[in-house]
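So the structure is just underneath, and the comments pick up after that.
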Amino acid sequence: MLRSLSKVGQICITQLKASNGKSSLMTAMAQHVKARCETYPRDNIKRFHVPDDKVSWETDFPGYSPTEYTSKSLIGTLEKPRPEYSDPDPKHSPVEFEKLKFNDLDGDLNRCSHVTDVYEIKDGYPVNPMGRTGLKGRGCLGRWGPNHAADPIVTRWERDKDGKIKKDENGKGILQFVCIKRKDNGEWAIPGGMVNAGEIVTVTLRREFGEEALNTLEMSSEEKEATLVSIEECFKHGKEVYKGYVDDPRNTDNAWMETVAYNFHDEAGDSLGKLKLHAGDDAVGVQWMSIHKGLKLYASHHDFIKEVVEMHGASW
Ligand code: RP5
(Lines give C-alpha, C1' and ligand atoms only; values in the text may rest on other atoms or scores of the structure.)
Protein backbone atom coordinates (compact mmCIF):
# COMPACT_ATOMS: atom_id res chain seq x y z
CA MET A 1 0.00 0.00 0.00
CA LEU A 2 1.46 3.34 -1.09
CA ARG A 3 1.62 6.09 1.51
CA SER A 4 0.31 9.55 0.75
CA LEU A 5 2.69 12.43 0.01
CA SER A 6 2.11 14.19 3.29
CA LYS A 7 2.62 10.89 5.08
CA VAL A 8 5.89 10.40 3.23
CA GLY A 9 6.83 13.92 4.30
CA GLN A 10 6.08 13.03 7.89
CA ILE A 11 8.20 9.91 7.61
CA CYS A 12 11.14 12.04 6.47
CA ILE A 13 10.55 14.42 9.33
CA THR A 14 10.42 11.58 11.84
CA GLN A 15 13.83 10.53 10.61
CA LEU A 16 15.07 14.09 10.85
CA LYS A 17 13.78 14.48 14.37
CA ALA A 18 15.59 11.32 15.32
CA SER A 19 18.84 12.68 13.92
CA ASN A 20 18.85 16.36 14.89
CA GLY A 21 15.57 17.17 16.57
CA LYS A 22 14.41 19.56 13.84
CA SER A 23 11.76 19.43 11.19
CA SER A 24 12.37 22.31 8.83
CA LEU A 25 12.54 20.20 5.67
CA MET A 26 8.80 19.51 5.83
CA THR A 27 7.95 21.91 3.02
CA ALA A 28 10.77 20.73 0.82
CA MET A 29 9.68 17.15 1.21
CA ALA A 30 5.95 17.77 0.83
CA GLN A 31 6.11 17.69 -2.96
CA HIS A 32 8.79 17.22 -5.59
CA VAL A 33 9.12 19.97 -8.20
CA LYS A 34 12.45 19.54 -9.99
CA ALA A 35 11.60 15.86 -10.50
CA ARG A 36 8.74 17.12 -12.72
CA CYS A 37 10.86 19.56 -14.80
CA GLU A 38 9.49 19.88 -18.33
CA THR A 39 12.57 18.53 -20.13
CA TYR A 40 14.44 15.55 -18.73
CA PRO A 41 18.14 16.46 -18.20
CA ARG A 42 19.49 14.15 -20.91
CA ASP A 43 18.48 13.62 -24.54
CA ASN A 44 15.88 16.40 -24.59
CA ILE A 45 13.09 14.07 -23.44
CA LYS A 46 9.81 15.81 -22.53
CA ARG A 47 8.02 14.67 -19.42
CA PHE A 48 4.26 14.20 -19.33
CA HIS A 49 2.96 17.27 -17.49
CA VAL A 50 1.96 16.52 -13.89
CA PRO A 51 0.09 19.41 -12.20
CA ASP A 52 0.68 19.98 -8.48
CA ASP A 53 -2.68 18.48 -7.55
CA LYS A 54 -1.98 15.25 -9.48
CA VAL A 55 1.42 14.38 -8.03
CA SER A 56 0.10 11.99 -5.39
CA TRP A 57 -0.50 8.43 -6.59
CA GLU A 58 -3.61 8.48 -4.42
CA THR A 59 -5.20 11.13 -6.62
CA ASP A 60 -6.85 9.77 -9.76
CA PHE A 61 -5.24 10.98 -12.97
CA PRO A 62 -7.07 9.00 -15.68
CA GLY A 63 -5.18 10.57 -18.63
CA TYR A 64 -1.75 9.97 -17.09
CA SER A 65 0.50 8.62 -19.81
CA PRO A 66 4.13 9.21 -18.84
CA THR A 67 6.89 9.17 -21.42
CA GLU A 68 9.02 6.01 -21.18
CA TYR A 69 12.76 6.52 -21.20
CA THR A 70 15.81 4.60 -20.08
CA SER A 71 19.14 5.83 -21.43
CA LYS A 72 20.65 3.42 -23.99
CA SER A 73 24.02 3.70 -22.29
CA LEU A 74 22.53 1.98 -19.22
CA ILE A 75 21.25 -1.01 -21.17
CA GLY A 76 24.44 -1.93 -23.02
CA THR A 77 25.00 -3.98 -26.18
CA LEU A 78 26.95 -7.12 -27.07
CA GLU A 79 29.94 -4.95 -27.98
CA LYS A 80 29.60 -2.62 -25.02
CA PRO A 81 28.15 -4.28 -21.90
CA ARG A 82 26.19 -2.14 -19.48
CA PRO A 83 28.21 -0.27 -16.84
CA GLU A 84 28.76 -1.90 -13.46
CA TYR A 85 26.53 0.61 -11.67
CA SER A 86 23.59 -0.14 -13.98
CA ASP A 87 20.78 -2.61 -13.17
CA PRO A 88 19.50 -5.08 -15.77
CA ASP A 89 16.61 -3.89 -17.90
CA PRO A 90 13.50 -6.13 -17.89
CA LYS A 91 13.10 -5.89 -21.68
CA HIS A 92 16.68 -6.92 -22.40
CA SER A 93 17.63 -9.07 -19.41
CA PRO A 94 14.30 -10.28 -17.92
CA VAL A 95 15.78 -13.20 -15.99
CA GLU A 96 18.37 -11.00 -14.28
CA PHE A 97 15.78 -8.28 -13.61
CA GLU A 98 13.51 -10.81 -11.86
CA LYS A 99 16.29 -11.53 -9.37
CA LEU A 100 16.64 -7.94 -8.09
CA LYS A 101 15.76 -7.75 -4.40
CA PHE A 102 13.78 -4.54 -3.98
CA ASN A 103 13.18 -3.15 -0.48
CA ASP A 104 16.09 -5.24 0.76
CA LEU A 105 19.82 -5.62 0.85
CA ASP A 106 20.73 -7.14 -2.50
CA GLY A 107 24.19 -8.61 -2.02
CA ASP A 108 26.28 -5.57 -1.10
CA LEU A 109 23.81 -3.16 -2.68
CA ASN A 110 21.25 -1.37 -0.52
CA ARG A 111 17.84 -1.28 -2.23
CA CYS A 112 16.03 -0.11 0.92
CA SER A 113 14.66 3.43 1.03
CA HIS A 114 15.29 6.15 3.64
CA VAL A 115 11.88 7.59 2.79
CA THR A 116 9.56 4.73 3.55
CA ASP A 117 9.87 1.25 5.06
CA VAL A 118 8.41 -0.33 1.95
CA TYR A 119 8.06 1.30 -1.46
CA GLU A 120 5.48 -0.17 -3.79
CA ILE A 121 6.35 -2.53 -6.61
CA LYS A 122 3.89 -2.26 -9.50
CA ASP A 123 4.09 -4.49 -12.59
CA GLY A 124 7.56 -5.46 -11.39
CA TYR A 125 8.85 -1.86 -11.10
CA PRO A 126 9.54 0.18 -7.94
CA VAL A 127 7.18 3.16 -7.60
CA ASN A 128 8.52 6.59 -6.63
CA PRO A 129 7.24 7.20 -3.06
CA MET A 130 6.98 10.96 -3.66
CA GLY A 131 4.52 10.59 -6.53
CA ARG A 132 4.30 11.06 -10.29
CA THR A 133 7.14 12.59 -12.29
CA GLY A 134 5.81 12.37 -15.86
CA LEU A 135 8.47 9.85 -16.90
CA LYS A 136 8.63 6.08 -16.49
CA GLY A 137 11.70 3.94 -16.94
CA ARG A 138 15.03 4.73 -15.31
CA GLY A 139 15.99 7.85 -17.24
CA CYS A 140 19.73 8.14 -16.70
CA LEU A 141 19.79 6.64 -13.20
CA GLY A 142 21.66 3.41 -12.68
CA ARG A 143 19.28 1.69 -10.27
CA TRP A 144 15.59 0.90 -10.30
CA GLY A 145 14.13 2.29 -7.08
CA PRO A 146 16.37 4.29 -4.72
CA ASN A 147 19.76 5.48 -5.98
CA HIS A 148 21.76 6.25 -2.86
CA ALA A 149 24.06 9.27 -2.66
CA ALA A 150 25.98 11.09 0.09
CA ASP A 151 26.51 14.86 0.37
CA PRO A 152 29.40 16.43 2.36
CA ILE A 153 28.61 20.02 3.39
CA VAL A 154 31.96 21.51 4.40
CA THR A 155 31.59 24.90 6.11
CA ARG A 156 33.65 27.71 7.64
CA TRP A 157 32.89 31.31 8.69
CA GLU A 158 33.52 34.06 6.19
CA ARG A 159 36.24 36.34 7.63
CA ASP A 160 37.61 39.79 6.88
CA LYS A 161 41.29 40.48 6.19
CA ASP A 162 42.00 40.63 9.93
CA GLY A 163 40.48 37.20 10.43
CA LYS A 164 37.29 38.46 12.11
CA ILE A 165 34.02 36.69 11.28
CA LYS A 166 31.91 38.79 8.92
CA LYS A 167 28.42 39.56 10.23
CA ASP A 168 25.17 40.52 8.55
CA GLU A 169 22.97 43.47 9.58
CA ASN A 170 21.44 41.29 12.34
CA GLY A 171 24.82 40.46 13.78
CA LYS A 172 24.73 36.88 12.51
CA GLY A 173 27.93 35.32 11.16
CA ILE A 174 28.05 34.49 7.48
CA LEU A 175 28.82 30.87 6.63
CA GLN A 176 30.62 29.63 3.54
CA PHE A 177 30.50 26.11 2.11
CA VAL A 178 32.52 24.25 -0.47
CA CYS A 179 30.43 24.39 -3.61
CA ILE A 180 31.14 22.76 -6.96
CA LYS A 181 29.91 23.58 -10.44
CA ARG A 182 28.46 20.45 -12.05
CA LYS A 183 29.83 19.46 -15.43
CA ASP A 184 26.48 18.05 -16.65
CA ASN A 185 24.36 21.19 -16.29
CA GLY A 186 26.56 24.01 -14.98
CA GLU A 187 24.56 24.28 -11.74
CA TRP A 188 26.24 24.91 -8.38
CA ALA A 189 25.94 22.03 -5.95
CA ILE A 190 27.24 20.27 -2.85
CA PRO A 191 30.10 17.96 -3.97
CA GLY A 192 28.09 14.79 -3.39
CA GLY A 193 28.07 11.53 -5.25
CA MET A 194 26.72 8.02 -5.47
CA VAL A 195 27.38 5.44 -2.75
CA ASN A 196 29.16 2.56 -4.48
CA ALA A 197 27.93 -0.99 -3.83
CA GLY A 198 29.40 -2.18 -0.54
CA GLU A 199 30.71 1.27 0.39
CA ILE A 200 29.93 2.85 3.76
CA VAL A 201 28.59 6.40 3.65
CA THR A 202 31.51 7.91 5.58
CA VAL A 203 33.86 6.64 2.87
CA THR A 204 31.61 8.02 0.09
CA LEU A 205 31.56 11.45 1.75
CA ARG A 206 35.35 11.64 1.91
CA ARG A 207 35.92 10.11 -1.52
CA GLU A 208 33.45 12.40 -3.31
CA PHE A 209 34.76 15.51 -1.56
CA GLY A 210 38.30 14.50 -2.49
CA GLU A 211 37.45 13.78 -6.14
CA GLU A 212 35.27 16.81 -6.86
CA ALA A 213 36.66 19.54 -4.61
CA LEU A 214 40.35 18.54 -4.31
CA ASN A 215 40.83 16.62 -7.57
CA THR A 216 42.35 13.55 -5.92
CA LEU A 217 41.71 11.52 -9.10
CA GLU A 218 44.58 13.32 -10.78
CA MET A 219 47.00 12.99 -7.87
CA SER A 220 49.71 10.40 -7.49
CA SER A 221 48.67 7.63 -5.11
CA GLU A 222 50.98 9.01 -2.37
CA GLU A 223 49.61 12.54 -2.74
CA LYS A 224 46.04 11.24 -2.75
CA GLU A 225 46.63 9.15 0.36
CA ALA A 226 48.16 12.15 2.17
CA THR A 227 45.24 14.39 1.14
CA LEU A 228 42.63 11.90 2.30
CA VAL A 229 44.45 11.41 5.60
CA SER A 230 44.58 15.20 6.09
CA ILE A 231 40.79 15.46 5.90
CA GLU A 232 40.10 12.21 7.73
CA GLU A 233 40.24 13.67 11.24
CA CYS A 234 37.87 16.56 10.38
CA PHE A 235 35.52 14.19 8.58
CA LYS A 236 35.23 12.12 11.78
CA HIS A 237 33.21 14.87 13.45
CA GLY A 238 30.38 15.40 10.99
CA LYS A 239 26.76 16.03 11.95
CA GLU A 240 23.93 14.45 10.03
CA VAL A 241 21.83 17.17 8.42
CA TYR A 242 19.40 15.20 6.33
CA LYS A 243 18.54 11.69 5.24
CA GLY A 244 15.89 11.02 2.62
CA TYR A 245 14.53 11.84 -0.82
CA VAL A 246 16.27 14.32 -3.14
CA ASP A 247 14.13 16.38 -5.52
CA ASP A 248 16.54 15.64 -8.37
CA PRO A 249 15.70 16.43 -12.03
CA ARG A 250 16.83 12.90 -12.98
CA ASN A 251 14.11 11.19 -10.92
CA THR A 252 11.43 9.15 -12.62
CA ASP A 253 8.34 7.20 -11.59
CA ASN A 254 10.55 4.11 -11.11
CA ALA A 255 13.97 5.45 -10.06
CA TRP A 256 14.88 8.28 -7.69
CA MET A 257 17.73 9.84 -5.74
CA GLU A 258 18.07 9.61 -1.96
CA THR A 259 20.90 11.00 0.11
CA VAL A 260 22.51 11.32 3.50
CA ALA A 261 23.92 14.84 3.99
CA TYR A 262 26.54 15.58 6.64
CA ASN A 263 27.97 18.88 7.82
CA PHE A 264 31.71 19.12 8.50
CA HIS A 265 32.29 22.51 10.09
CA ASP A 266 35.65 24.18 10.64
CA GLU A 267 34.88 26.66 13.44
CA ALA A 268 38.37 28.16 13.66
CA GLY A 269 38.95 28.14 9.91
CA ASP A 270 42.38 26.57 10.26
CA SER A 271 41.81 23.00 9.05
CA LEU A 272 39.22 22.27 6.33
CA GLY A 273 38.89 26.03 5.90
CA LYS A 274 42.47 26.22 4.66
CA LEU A 275 42.20 23.47 2.02
CA LYS A 276 43.43 24.27 -1.46
CA LEU A 277 40.38 23.66 -3.63
CA HIS A 278 40.75 22.22 -7.11
CA ALA A 279 37.79 20.99 -9.18
CA GLY A 280 37.94 17.43 -10.48
CA ASP A 281 35.88 14.50 -11.80
CA ASP A 282 32.28 15.68 -12.44
CA ALA A 283 33.04 19.24 -11.31
CA VAL A 284 34.23 22.06 -13.55
CA GLY A 285 34.49 24.66 -10.81
CA VAL A 286 34.86 24.83 -7.04
CA GLN A 287 34.78 27.69 -4.52
CA TRP A 288 33.96 28.71 -0.97
CA MET A 289 30.45 30.03 -1.55
CA SER A 290 29.04 32.57 0.92
CA ILE A 291 25.65 31.40 2.07
CA HIS A 292 22.48 33.46 1.70
CA LYS A 293 18.89 32.54 0.99
CA GLY A 294 19.02 33.65 -2.66
CA LEU A 295 21.49 30.91 -3.65
CA LYS A 296 20.37 28.83 -6.63
CA LEU A 297 21.57 25.28 -6.15
CA TYR A 298 21.11 21.88 -7.76
CA ALA A 299 18.23 19.59 -6.73
CA SER A 300 17.22 20.04 -3.03
CA HIS A 301 20.65 21.31 -1.99
CA HIS A 302 19.26 24.74 -1.04
CA ASP A 303 17.15 23.03 1.67
CA PHE A 304 20.12 21.09 3.06
CA ILE A 305 22.18 24.30 3.24
CA LYS A 306 19.34 26.09 5.02
CA GLU A 307 19.32 23.31 7.61
CA VAL A 308 23.07 23.84 8.19
CA VAL A 309 22.52 27.60 8.60
CA GLU A 310 19.93 26.90 11.29
CA MET A 311 22.25 24.44 13.05
CA HIS A 312 24.89 27.19 13.37
CA GLY A 313 22.54 30.16 13.94
CA ALA A 314 24.14 31.80 10.91
CA SER A 315 23.01 34.51 8.54
CA TRP A 316 20.40 33.57 5.92
C1 RP5 B 1 21.98 14.59 -5.89
O2 RP5 B 1 22.85 14.09 -6.87
C3 RP5 B 1 22.60 14.20 -4.57
O4 RP5 B 1 22.19 15.09 -3.55
C5 RP5 B 1 24.08 14.25 -4.87
O6 RP5 B 1 24.58 15.54 -4.62
C7 RP5 B 1 24.18 14.00 -6.37
C8 RP5 B 1 24.76 12.64 -6.70
O9 RP5 B 1 24.76 12.44 -8.09
P10 RP5 B 1 26.05 12.70 -9.01
O11 RP5 B 1 26.64 14.02 -8.56
O12 RP5 B 1 26.98 11.57 -8.72
O13 RP5 B 1 25.55 12.76 -10.39
O14 RP5 B 1 20.71 14.05 -6.04
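Both counts, for ligands and for their atoms, begin at 1 and track the order of listing. Residue numbers count from 1 along this sequence.
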Looking at [X], which atoms of ligand 1 are within less than 4.0 Å of one of its heavy atoms?
X    : answer
M257 : 2 (O), 8 (C), 14 (O)
G192 : 6 (O), 11 (O)
M194 : 9 (O), 12 (O)

Under 4.0 Å, counting heavy atoms only: does G193 come that close to any atom of ligand 1? yes
Using a strict 4.0 Å threshold on nitrogen-to-oxygen distance, state whether K99 and D106 make a salt bridge. no
Taking 4.0 angstrom as the limit, do K166 and D160 come out as a salt bridge?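 Not counted as a salt bridge, because no side-chain N and carboxylate O are separated by less than 4.0 Å.
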Atom 2 (O) of ligand 1: closest protein heavy atom, distance to 0.1 Å, is R250 NH2, 2.9 Å
Checking a contact table here: which protein heavy atom is nearest atom 11 (O) of ligand 1, and how many Å away? R182 NH1, 2.9 Å
Using a heavy-atom cut-off of under 4.0 Å, does the side chain or the backbone of E208 touch ligand 1, or both, or neither?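 Near ligand 1, E208 shows nothing, with every heavy atom at 4.0 Å or more.
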Among Y119, W256, F97, F102, which residue satisfies the ring pair (Phe, Tyr, Trp, His ring centres under 6.0 Å) criterion with W144?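 It is F97; the other options fail the test.
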Any N or O on Y298 sitting closer than 3.5 Å to an N or O of ligand 1?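 The answer is no, given that Y298 and ligand 1 share no N or O pair closer than 3.5 Å.
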What do you reckon, does E212 have a nitrogen or oxygen under 3.5 Å from a nitrogen or oxygen of ligand 1?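 No, since none of the N or O atoms of E212 sits under 3.5 Å from an N or O of ligand 1.
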Heavy atom to atom 1 (C) of ligand 1, shortest distance: which of D184, D281, D248 holds it?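 Result: the heavy atom closest to atom 1 (C) of ligand 1 is in D248.
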Which of the listed options, V246, V195, D151, holds the heavy atom that is closest to atom 4 (O) of ligand 1?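 Result: the heavy atom closest to atom 4 (O) of ligand 1 is in D151.
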Any donor and acceptor pair, going by atom type alone, linking the side chain of [X] with main-chain N or O of [Y] inside 3.5 Å?
X    : Y    : answer
N170 : K172 : no
D89  : K91  : yes
R111 : P146 : no

Side-chain donor-acceptor contact under 3.5 Å, Y245 with N128: yes
Could you tabulate the donor-acceptor pairs under 3.5 Å formed by side-chain atoms of residues 285-295, not counting sequence neighbours?
unit_1	atom_1	unit_2	atom_2	d
S290	OG	E158	OE1	2.8
S290	OG	Q176	NE2	3.1
H292	ND1	G294	N	3.1

